[in-house]
J.: 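Handing you a structure now.
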Amino acid sequence: MENKLIASSSPHIRSDETISRIMLDVIIALLPATLASIYFFRFNALKLIVLSVLSAVITEAIFQKARKKPVTINDLSAVVTGLLLAFNIPSSAPWWIPVIGSAFAIAIVKQFFGGLGHNFMNPALAARAMLLASWPTIMTEWVTPGADAVSTATPLAILKGQAEGILPSLTDMLMGNMGGSLGETSAILLIIGGIYLLYRGVINWRIPFTYIGTVAVIMLAFGGGIQNTMYHLLSGGLMLGAFFMATDYASSPVTKKGQIIFGIGAGLLTSVIRLKGGYPEGVSYSILLMNVAAPLIDKYTGPKVFGEVKQNA
Amino acid sequence: MNLKSFTFKGGIHPPHYKRYSEKAEIEKAEEPKVVIIPMQQHIGAPCEPIVKVGDKVKIGQKIGEAKAFVSAPIHSSISGIVKKISSMNTPTGSGVMCVTIESDELNEIHENVMSKGDIEKLTKEEIINIIKEAGITGQGGASFPTHVKLSPPPDKKIDTVILNGAECEPFLTADHRLMLEQPEKVVYGLKALMKAVGVNKGYIGIENNKPDAIKAMVKAAEKESNIEVVSLVAKYPQGDEKRLINAVTGRVVPSGGLPMDVGVIVNNVGTASAIANAIQTGMPLVERVVTVTGSAINTPKNLLVKIGTPFKDIIAQCGGYKETPGKIIMGGPMMGLAQFTDEVPVIKGTSGVLILNEKEARIPEPDPCIRCGKCVDICPVNLQPLFISQLSLKGQYDDTQKYHVLDCIECGSCSFICPSKRPLLQSIRVAKREVLAKRKKS
């Protein structure tokens with residue numbers, strides 16, 4: 001019997017949590033918004049989402065097979081990336097946009113840098129930035145929800161005076177009945193998903209709350225009143241970005257203070273881009289910029305070790 | 001009963017697993033036929049055997065003499081004949097000198113074992129000496145000689161004694177049952193400790209997942225105006241000295257410092273009860289309460305076991321193995337020591353014998369770190385385990401000092417919480433050893 005006993009070092013028990021469970025939670029949290037986008041943008045949305053997820057998973061499998069590494073598509077992280085990328089694509093986009101985007105996100109941004117946990121940027125956002133730079137017209141062609149999809153402008157473009165149009169009602173914005181990328185239109189469903197992630201402990205309040213809070217405060221001060229502030233909070237990718245993108249583990253700080261700085265920084269950048277920049281929307285770029293700063297933030301926000309103060313005093 | 005519960009920052013909530021044994025009253029274990037008593041059961045210098053093969057010994061007779069200051073003498077737990085003095089496997093290591101005694105089943109008590117009188121009449125020095133001579137060491141697991149704790153350098157003013165009844169390790173219920181069944185003894189021991197260091201304030205900290213024990217202790221301490229029972233949030237590692245002091249008094253023990261640096265001495269409730277025994281009956285530390293529990297044992301129990309009884313014997317008294325054991329742990333699942341055999345003896349620091357089945361014992365395959373930051377969130381010392389572990393795994397031990405590797409208390413919370421099942425504590429431990437070894441050399 002003796003030689004069967006395992007004599008490893010403590011601790012001898014582990015929590016039930018696993019990577020795939022965390023990823024599954026994110027997928028569950030994204031589900032309401034996914035269904036809503038299919039409801040609003042019909043078959044085209046479904047097609048783009050399926051293509052995006054499939055190409056993300058297949059790219060990961062091919063890449064790992066080619067490098068003779070264990071294939072880890074079961075951890076569901078590629079599914080999450082694919083889904084998030086689809087959320088960032090307009091419903092009118094052709095089929096190859098999500099395919100190229102997902103392949104780029106997984107192969108270049110994730111796997112080239114060492115795979116899961118080593119991506120220095122959020123893969124879905126980096127892919128979106130690439131698509132936006134390469135096919136700007138396709139990536140900014142918005143249509144109204146529903147079967148008779150016609151061209152429209154996003155509320156932020158209207159706010160900014162870059163496009164003609166009538167602002168949708170705040171209720172429509174909350175529900176997602178407006179022009180925009182697939183998954184970013186329904187603020188309320190994204191918030192519900194975010195609350196689920198908070199409840200499950202997958203994310204904590206620090207990044208999303210400081211992010212949204214910073215945008216709210218700046219827009220109240222400089223954005224032209226309460227009504228405009230509401231438009232700024234509910235439109236664009238703010239909710240999606242704050243709850244699902246900025247909180248990406250690998251590309252955001254791990255320290256408590258760092259996460260707060262990260263959230264405030266992303267909020268500042270988003271507000272500045274929206275108010276002063278050339279683009280009507282600033283969530284993607286501000287998160288990407290903060291991603292690059294994350295290691296530096298981590299470096300300077302290491303927590304004070306228990307009992308450290310007294311000793312130095 | 002509505003006591004406010006106190007705690008510290010950070011920590012984890014592992015499942016308690018206490019239901020296995022928390023309702024089991026402390027039972028006297030069967031008299032062992034043979035005991036194997038190691039000459040080193042505590043942190044500090046080993047003892048030298050003062051008996052020879054063939055000697056007849058009685059219960060409570062000193063068989064190992066402590067030569068160094070940080071050491072505690074060792075006594076026989078049974079009466080019988082010394083059969084062997086040789087190096088054997090013990091729960092804390094192999095090749096430890098052990099005295100093997102075969103019982104004569106007469107249960108003769110040594111003539112030196114007699115009541116030492118009442119606390120009121122004893123002086124500080126006398127109490128400390130009784131504790132020293134009784135070979136009392138911390139019963140929480142680490143086994144530091146208690147009399148050493150009670151002799152702080154004169155520049156350290158002690159004003160508080162805290163009894164640790166947190167028992168935050170999952171599975172363990174020995175302290176819980178002790179507080180429930182013999183609260184007066186615990187209070188008596190605390191009073192002795194307070195007198196020994198000349199303080200006026202005593203606390204007993206108990207996690208709020210043991211409301212019955214809190215109730216019993218409050219009742220037992222009713223008449224003592226300077227003893228307070230403190231309810232603590234059930235959270236791991238609440239029973240760690242520095243976390244406990246922080247929760248009870250709000251004081252922060254400096255990094256690298258000891259409880260006495262903030263005027264506190266912490267002892268386990270089991271230690272207090274052993275002190276009460278030593279004063280009231282004169283019996284040195286020759287037995288202790290051990291929780292025998294886990295998924296692979298038939299009838300989990302809390303047993304009063306003679307020091308030196310082989311694990312095998314007490315496992316047999318708990319109905320033996322229910323299924324093939326995968327891991328035998330001395331202590332709790334978070335900080336306990338895995339054993340490679342069940343033939344090692346119970347020692348003074350054996351708070352539990354935990355048997356996990358093969359499935360639970362399996363070491364999980366680690367996945368890549370996803371930087372979820374959970375280990376940073378929960379570290380009770382505010383370390384960043386992921387970075388230290390990363391450096392350690394790369395062999396960059398020197399760099400781990402920038403991340404305060406030596407402050408790690410090895411509670412294992414980081415490894416527990418990690419969704420990627422990374423060997424965080426295990427690798428941090430390696431870095432600690434390397435850093436310390438290097439310091440010693442230079």
Side-chain angles (χ1 to χ4, degrees), chain A residues 1-23 70 72 75 77 114-120 201-204 206-207 247-259 294-295 298-299 301-313, chain B residues 12 14-15 170 242 246 252-257 324-329 331 333-342 354 356 358 360-364 367-374 376-377 380-384 386 403-404 407 410-413 415-421 425-426 429:
Chain A
M1 177 208 93
E2 266 71 37
N3 38 14
K4 275 197 197 145
L5 288 176
I6 296 174
S8 61
S9 80
S10 64
H12 306 289
I13 50 170
R14 302 299 196 111
S15 69
D16 297 333
E17 207 167 10
T18 58
I19 295 180
S20 46
R21 175 68 226 194
I22 290 174
M23 295 300 164
T72 59
D75 68 18
S77 64
L116 183 68
H118 295 287
N119 46 291
F120 72 110
V202 172
I203 61 172
N204 62 57
R206 289 179 216 110
I207 292 178
T247 52
D248 171 38
Y249 290 149
S251 54
S252 64
V254 296
T255 65
K256 290 176 191 174
K257 236 188 281 170
Q259 290 172 348
D298 261 341
K299 187 171 174 189
T301 53
K304 200 156 261 155
V305 172
F306 186 93
E308 200 183 357
V309 199
K310 281 252 176 96
Q311 193 190 30
N312 295 346
Chain B
I12 55 169
K242 296 185 183 181
N246 189 224
V252 176
V253 179
S255 157
T324 316
K327 221 180 219 185
I328 298 180
I329 298 159
M334 294 301 295
M335 293 192 80
L337 296 171
Q339 305 296 321
F340 61 88
T341 163
D342 58 6
L354 170 59
L356 299 179
E358 284 177 301
E360 292 166 327
R362 220 169 284 149
I363 301 170
D367 286 318
C369 171
I370 53 171
R371 291 173 42 98
C372 64
K374 285 189 202 294
V376 181
D377 268 356
V381 195
N382 297 337
L383 298 175
Q384 302 179 73
L386 77 165
Y403 288 99
H404 307 275
D407 279 288
E410 305 192 15
C411 68
S413 302
S415 288
F416 174 84
I417 204 84
C418 180
S420 294
K421 315 291 163 209
L425 169 58
Q426 292 82 349
R429 222 180 241 141

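Atoms considered below: every heavy atom in the structure, side chains included; atoms not considered: hydrogens, waters and symmetry mates.
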J.: Under a 4.5 Å cutoff for heavy-atom pairs, which residue among B:Glu410, B:Gln339, B:Lys242, B:Lys421 has the most contacts with chain A?
T.: B:Lys421
J.: Heavy-atom distance under 4.5 Å to chain A: side chain of B:Arg429, backbone, both or neither?
T.: side chain
J.: With a 4.5 angstrom heavy-atom cut-off, which part of B:Glu360 approaches chain A: side chain, backbone, both or neither?
T.: backbone
J.: For chain A, which candidate among B:Ile417, B:Asp407, B:Leu337, B:Ile329 shows the most heavy-atom pairs at distances under 4.5 Å?
T.: B:Ile329
J.: Which bit of A:Asp16 comes within less than 4.5 Å of chain B, counting heavy atoms only: side chain, backbone, both or neither?
T.: backbone
J.: Of the backbone (N, CA, C, O) and the side chain (C-beta and beyond), which part of B:Leu386 lies under 4.5 Å from a heavy atom of chain A, both, or neither?
T.: side chain
J.: Is the backbone N or O of B:Met334 less than 3.5 Å from a side-chain atom of A:His12, with the two atoms forming a donor-acceptor pair by type?
T.: no
J.: If I measure from the heavy atoms of chain A, does B:Leu356 come under 4.5 Å with its side chain, its backbone, both, or neither?
T.: side chain
J.: Minimum heavy-atom separation for A:Leu5 to B:Pro325, with atom names?
T.: CD2-O, 3.7 Å
J.: Any idea which of B:Leu383, B:Leu425, B:Ile370 has the most non-hydrogen atom pairs under 4.5 angstrom with chain A?
T.: B:Ile370
J.: Counting heavy-atom pairs under 4.5 Å with chain A, which one of B:Cys372, B:Pro170, B:Gly331, B:Cys369 comes out on top?
T.: B:Cys372
J.: Quick one: of A:Ser20, A:Ser9, A:Ser251, who has the most non-hydrogen atom pairs under 4.5 Å with chain B?
T.: A:Ser9
J.: Begin from the C-alpha positions of B:Lys327 and A:Ser8 and carry the test side chain to side chain donor-acceptor pair (under 3.5 Å) through to its verdict.
T.: CA-CA 9 Å; B:Lys327 221 180 219 185; A:Ser8 61; 2.7 Å; yes
J.: Does A:Asp298 pair with B:Arg371 as a salt bridge, N-O distance under 4.0 Å?
T.: yes
J.: In terms of heavy-atom proximity below 4.5 Å to chain B, should A:Pro70 be classed as side chain, backbone, both, or neither?
T.: neither
J.: Quick check on A:Ile22 against chain B: is it the side chain, the backbone, both or neither that has a heavy atom closer than 4.5 Å?
T.: side chain
J.: Considering residues at least two apart in sequence or located in another chain, which fulfil the side-chain hydrogen bond (donor to acceptor under 3.5 Å, both in side chains) criterion with A:Ser77?
T.: A:Asp75, A:Lys110
J.: Counting heavy-atom pairs closer than 4.5 Å to chain A, which one of B:Gly412, B:Ala361, B:Gly326 comes out on top?
T.: B:Gly326
J.: Is it true that a side-chain atom of A:Arg14 and a backbone atom of B:Ser415 form a donor plus acceptor pair closer than 3.5 Å?
T.: yes
J.: With side chain to side chain contact (heavy atoms under 4.5 Å, CB included) as the test, pick out the partner of A:Lys256 among B:Val376, B:Asn382, B:Asp377.
T.: B:Asp377
J.: When only pairs under 4.5 Å are counted, which of A:Gln259, A:Arg21, A:Glu17 shares the most heavy-atom pairs with chain B?
T.: A:Glu17
J.: Let's test your reading of the structure: which of B:Pro368, B:Pro14, B:Ser413, B:Pro333 forms the most heavy-atom pairs below 4.5 Å with chain A?
T.: B:Pro333
J.: Report yes or no: does A:Ser15 contribute a side-chain atom to a donor-acceptor pair with the main-chain N or O of B:Phe416 at less than 3.5 Å?
T.: yes
J.: With a 4.5 Å cut-off on side-chain heavy atoms, are B:Met335 and A:Pro11 touching?
T.: no
J.: Do A:Phe306 and B:Asn246 make a side-chain contact, defined as non-hydrogen atoms from C-beta onward lying under 4.5 Å apart?
T.: yes
J.: With a 4.5 angstrom heavy-atom cut-off, which part of B:Pro364 approaches chain A: side chain, backbone, both or neither?
T.: side chain
J.: Main chain of A:Gly201, side chain of B:Lys374: is a donor-acceptor contact present, judged purely on distance under 3.5 Å?
T.: yes
